[in-house]
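These numbers were taken from a predicted model, which means no experiment stands behind them.
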Amino acid sequence: MASADPPAIVDVLAEYDRVIEIGIGSRPGVARALAERGVSVRATDVVHRETPPGVAFVRDDVRDPDVDVYEDSEALYALRLPPDLQRHVWRVARSVDADLLFTTLGGDPALIPCRPRTVREGTLFVWTHN
């Protein structure tokens, strides 16, 4: 019988060809793993961050975004996305017709219309553009 273990976040995101991590911070592990799987990964943050090989970086603030940064992405994702940024990221995803996938920190709720998906690391919230 096949394992019923849920997929990892990387497994879910690897279904896309082009993704952007919003607010990469100092934990580039997911972006690195996706790039190693051949996914085109771009990362953004409000301050300059070093990124692993294969991960492009663009400085941007989703509260006042340069939408061109996100134009060619199929999905945006964020790890530990705080409630006060969820609507900003969702607005960007809608404007470029990209899916949005995110985790929250601890017990923070999802404040946008999305569906929860169980992944190995916990809950991944998913909003699809179509």
* Asked: Can you name the closest pair of heavy atoms from Thr118 and Pro6 and give their distance?
  -> O-CB, 3.6 Å
* To do: Using the rule that two of Ile, Leu, Val, Met, Phe, Trp, Tyr join whenever any of their side-chain heavy atoms come within less than 4.5 Å, decide whether Leu111 and Trp127 are in one cluster.
  => no
* Identify whether Val12 and Val89 are in the same connected component of the hydrophobic contact network (ILVMFWY, side-chain heavy atoms under 4.5 Å). => no
* Asked: Is a donor on one side and an acceptor on the other found under 3.5 Å between the side chain of Arg32 and the backbone of Pro52?
  -> no
* **Residue pair Asp17, Glu74: steps toward the side chain to side chain contact (heavy atoms under 4.5 Å, CB included) verdict** => CA-CA 7 Å; Asp17 292 326; Glu74 296 173 335; 3.6 Å; yes
* Asked: According to a 4.5 Å side-chain heavy-atom criterion applied to Ile, Leu, Val, Met, Phe, Trp and Tyr, with indirect links allowed, do Ile22 and Val46 form part of one hydrophobic cluster?
  -> no
* Donor-acceptor contact below 3.5 Å, side chain Thr104 vs main chain Pro109 -> no
* Got a sec: does the CZ of Arg27 have more than 12 other heavy atoms crowding it under 6.0 Å? -> no
* Asked: Shared ILVMFWY cluster between Val41 and Val58, side chains joined below 4.5 angstrom?
  -> no
* Mind listing the closest non-hydrogen atom pair of Val19 and Tyr16 along with its distance? => CG1-CB, 3.6 Å
* Would you check, one step at a time, whether the test side chain to side chain contact (heavy atoms under 4.5 Å, CB included) holds for Val69 with Glu71? => CA-CA 6 Å; Val69 167; Glu71 276 297 330; over 6 Å; no
* Asked: Do the side chain of Arg117 and the main chain of Val126 share a donor and acceptor less than 3.5 angstrom apart?
  -> no
* Are the charged groups of Asp11 and Arg37 less than 4.0 angstrom apart, N to O? -> yes
* Asked: What heavy-atom pair brings Val39 and Ala14 nearest, and what distance separates the two atoms?
  -> CG2-CA, 4.0 Å
* **Side chain to side chain, Pro113 and Trp90, heavy atoms closer than 4.5 Å** => yes
* Backbone N/O of Thr44 and side chain of Asp60: donor-acceptor pair under 3.5 Å -> no
* Starting from the C-alpha separation in whole Å, work towards a yes-or-no answer on side chain to side chain contact (heavy atoms under 4.5 Å, CB included) for Ile112 and Leu100. => CA-CA 10 Å; Ile112 64 166; Leu100 172 60; 3.6 Å; yes
* State, to 0.1 Å, how close Leu79 and Thr103 come at their nearest heavy-atom pair, and which atoms those are. => CA-OG1, 3.3 Å
* **Considering all heavy atoms, the nearest Cys114-Ala110 contact** => SG-CB, 3.7 Å
* Asked: Where do Ala35 and Pro53 come nearest, in terms of heavy atoms and distance?
  -> CB-O, 4.1 Å
* Roughly how far, to the nearest 0.5 Å, is the CZ atom of Phe125 from the CZ atom of Arg115? -> 12.0 Å
* Asked: Can a donor-acceptor pair be found between the side chains of Asp99 and Tyr77 at a distance below 3.5 Å?
  -> no
* What do you reckon, is CG of Asp64 surrounded by more than 12 foreign heavy atoms closer than 6.0 Å? -> no
* To do: Indicate, with yes or no, if Phe102 and Ile20 share a hydrophobic cluster defined by side-chain heavy-atom contacts under 4.5 Å among Ile, Leu, Val, Met, Phe, Trp and Tyr.
  => yes
* Asked: Is it true that a side-chain atom of Glu21 and a backbone atom of Ala78 form a donor plus acceptor pair closer than 3.5 Å?
  -> no
* Going by an N to O cut-off under 4.0 Å, is there a salt bridge joining Arg42 and Asp72? -> yes
